[in-house]
There are 2 protein chains.
Amino acid sequence: MSPSTVSQYVNKRYHYMGEKTKKKVAEAIEELGFHPNTVARSLKQKKTLTIGVIISNILHRYSTVVSRSIEDYCYNYEYHTIICNADDNPEKEQKYVEMLLAKQIDGLIVVPTNHNRELYQSLKDRNIPVVFLDRYIEGLEIPTVVVDNQKITEQAINHWIEAGHRRISLITAPLKVSTRIERVEGYKQALRKAELPIEDTYLHHVKMKDVQDVCRQMLELEQPPTAILAASDLVLVELVKFIKQEHIQVPDELALMVFDEVHLAELHEPPITTINQPFYEMGQKAASLLMDMIDHKPVEDKKYEFEATINIRESSETKLLNKGVL
Amino acid sequence: MSPSTVSQYVNKRYHYMGEKTKKKVAEAIEELGFHPNTVARSLKQKKTLTIGVIISNILHRYSTVVSRSIEDYCYNYEYHTIICNADDNPEKEQKYVEMLLAKQIDGLIVVPTNHNRELYQSLKDRNIPVVFLDRYIEGLEIPTVVVDNQKITEQAINHWIEAGHRRISLITAPLKVSTRIERVEGYKQALRKAELPIEDTYLHHVKMKDVQDVCRQMLELEQPPTAILAASDLVLVELVKFIKQEHIQVPDELALMVFDEVHLAELHEPPITTINQPFYEMGQKAASLLMDMIDHKPVEDKKYEFEATINIRESSETKLLNKGVL
DNA sequence: TTGTAGGCGTTATCAG
DNA sequence: CTGATAACGCCTACAA
């Protein structure tokens, strides 16, 4: 009984193999507790049946959804995923990319930090199948699965403008990635179209540790905002801490909205309006695009845009305007 | 310039190598864009510098903490982690174990589903370094990092008994694992010591989708409970939904406590008392034990117990007893 | 100090 | 239908 015969058997290429041979092999495998070695197989076949996923920051709830979605998709295709958390750190991102490539992964899904253009370009040059998720990087010709952040933000702000709000704030993390920049753009666009002024005092892009500070600054303004849009669940956590501490009434004194559905929003008193991005579907799409690239099927290098929706709850529906402390 | 010279260089074994040789190698590497192939290296060295982590259910907040903790630890040791989510499904758990072994991981950290004894035993027999986390499996001689769930639950229930509560409820997921069984035991023990009756109507181990139902059942009792301990964040979510729906006043009508710190608890109105398990430290410990096993250092096959603590907040501090609707 | 040869476990190819 | 052989890319001896 030769290695190659066993190999045939293990890989179910035994159309013709003699019954007794099959049986003998099966018995031997059982008896010796033989388990094929994926590493050797990968070396020979130059395929690992594994993809890498680099998440920007696992603390965001949506990261969990995305990684879960991709894993689910791969599970059905007998592909495996290695999930890495770059922690919003370009160096860590680079290290992980190199590690994953050294491990000969067949493809890569990245929520890019946006500070590694050369790295991204080199992936492209090396012909590594790559799909970006959530964030678009200008001029790189890499398929990217995103939401139209500008549009949905404009809609959200419009909702408030139509309800009579005139002093609307947006708080986001630092503007390092397209997602946040587009949200700011949508915010400005909505104000512009309504011919409202764009006040620096209402528009903040700060680190999480500074969110409560800018809230306090706004609270002390002569004309504090009557509504705040939090650009992520992490911003919301800080915002809610502040609101509780200051005993601010939502929505009467201050209206709220937040990007991404989290339990904290749904179960807050009052429930908080959320902007929902279909991250599960987006993860599936990214995985499916990547599989196509790996199989050398043609894939367009473009933005694959998904629709976000606003789930209106009590927190954004101010009843009596111009009565707020903020 | 031969492969071995390059290998020496890449592995930094160039104490004696001639300066010009070093330079030549470095240049060649740069020019050809050479990247060592981990797969081939692993095959030769029979070491992948990778460990597998199997999480029971990624929906629990603590799973995120644990996987993050292990990843952090490994990052410093140049080890990589492959994280798998068994979804509380023993079959999935088994499939992942086999996959990870086929990938020749050097060790395994598992939050076991407890329905794969044979599998666990076979790992032991095959001499695969394994560490269990959060859940203890009787009679397997595998190092296990846990919290003393019985003790901390007893303390928590005692806190309420001392405050005058007489009708205390515990809601947990089905009793498939040691963690939950121990919590029930601690609950019973506290009641027994206080010579209070153990009522089936107050003690529930049900699936998440049934949590609201048992809450409703309890609400309709002649003597509804005055306090409920939720045995996980997932139970809490269901419980809070119910409480909001029924407009139950916490803590005046019903006192609350929950296992595991989550934003929902901290930021709930009123803030919810949490039982905090040091999962980050536990993850670090599990990783460090595993590394020791991989390095063939002696590791005791025992329970490594960590202390949980109770973070008392408003939700558990009923002011006026025996006034509740529950 | 550098180069050569053999082997890690698997599979593809081709001869028996 | 089955088995021998080479090769995947790297590393370790050992030889030069």
Side-chain angles (χ1 to χ4, degrees), chain A residues 1-50 52 78-80 98-107 126-128 294-296, chain B residues 1-50 52 78-80 82 98-107 126-128 294-295:
Chain A
M1 198 162 48
S2 78
S4 42
T5 309
V6 177
S7 174
Q8 317 263 45
Y9 179 87
V10 168
N11 291 290
K12 311 199 196 269
R13 310 188 124 267
Y14 39 37
H15 331 287
Y16 31 72
M17 202 174 281
E19 274 307 323
K20 52 191 173 183
T21 317
K22 270 204 266 189
K23 204 167 173 182
K24 227 167 54 180
V25 175
E27 278 168 5
I29 286 178
E30 178 65 24
E31 197 172 321
L32 302 173
F34 173 81
H35 296 270
N37 179 327
T38 310
V39 175
R41 173 181 291 164
S42 298
L43 178 60
K44 178 66 185 170
Q45 301 197 146
K46 306 188 155 202
K47 275 214 126 205
T48 53
L49 297 181
T50 301
E78 307 252 315
Y79 257 78
H80 300 135
E98 277 159 13
M99 177 277 266
L100 291 167
L101 292 182
K103 276 191 185 300
Q104 313 297 116
I105 44 103
D106 297 338
R126 289 217 258 157
N127 265 317
I128 316 283
I294 291 173
D295 294 343
H296 300 102
Chain B
M1 197 165 47
S2 80
S4 51
T5 312
V6 178
S7 176
Q8 316 262 46
Y9 179 85
V10 168
N11 293 290
K12 311 196 195 273
R13 306 187 131 271
Y14 40 37
H15 332 288
Y16 31 74
M17 200 175 286
E19 272 308 322
K20 51 190 173 183
T21 317
K22 269 204 265 189
K23 206 168 174 183
K24 227 169 53 180
V25 175
E27 279 168 5
I29 285 178
E30 177 66 24
E31 197 172 320
L32 302 172
F34 173 81
H35 298 270
N37 179 328
T38 309
V39 175
R41 174 183 290 162
S42 298
L43 179 60
K44 173 69 184 172
Q45 303 197 146
K46 304 186 159 207
K47 275 211 129 208
T48 52
L49 297 182
T50 302
E78 307 252 316
Y79 257 78
H80 301 133
I82 300 184
E98 279 160 12
M99 177 276 268
L100 291 167
L101 293 181
K103 277 191 185 300
Q104 313 297 115
I105 44 104
D106 297 338
R126 288 216 257 159
N127 265 318
I128 316 284
I294 291 173
D295 294 343

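Quantities reported herein were computed from a predicted structural model and do not represent experimental measurements. Atom set for the values below is all heavy atoms of this structure, side chains included, hydrogens, waters and symmetry mates excluded.
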Kindly indicate whether the side chain of [X], heavy atoms from C-beta on, has any atom under 4.5 Å from the side chain of [Y].
X: A:Leu49; Y: A:Thr38; value: no
X: B:Val25; Y: B:Gln8; value: no
X: B:Lys103; Y: B:Ile82; value: yes

* Structure fact -> Here the distance between atom C1' of C:dT1 and atom NZ of B:Lys24, to the nearest Å, is 12 Å
* A:Lys23 has an atom NZ; how far is it from atom P of D:dC1, in whole Å? -> 18 Å
* Would you say A:Thr48's side chain and A:Ser42's backbone share a donor-acceptor pair under 3.5 angstrom? ->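 Pair absent, no side-chain N/O of A:Thr48 close to backbone of A:Ser42.
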* To do: Supply the atom-to-atom distance B:Met99 CE to A:Thr50 OG1, rounded to the nearest 0.5 angstrom.
  => 7.5 Å
* To do: List the atom of B:Phe34, the atom of B:Val6, and the distance in Å for their closest heavy-atom pair.
  => CE2-CG1, 4.4 Å
* Asked: Could you run down nucleotides 5-16 of chain D 5' to 3' and tag each one B, S or - for protein heavy-atom contact under 4.0 Å?
  -> --BBBSBB----
* **Enclosure of B:Lys23 NZ (heavy-atom neighbours >12, cutoff 6.0 Å)** => no
* Partner residues of B:Lys24 under the side chain to side chain contact (heavy atoms under 4.5 Å, CB included) criterion, sequence neighbours left out ->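 For B:Lys24, no residue satisfies side chain to side chain contact (heavy atoms under 4.5 Å, CB included) once neighbours in sequence are set aside.
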* **Stem list, DNA chain C (Watson-Crick or G-U pairing under 3.5 Å, at least 3 consecutive pairs)** =>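 The stems are C:1-16 with D:1-16.
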* Asked: Is any side-chain nitrogen or oxygen of A:Thr5 closer than 4.0 Å to OP1 or OP2 of D:dG3?
  ->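 Yes.
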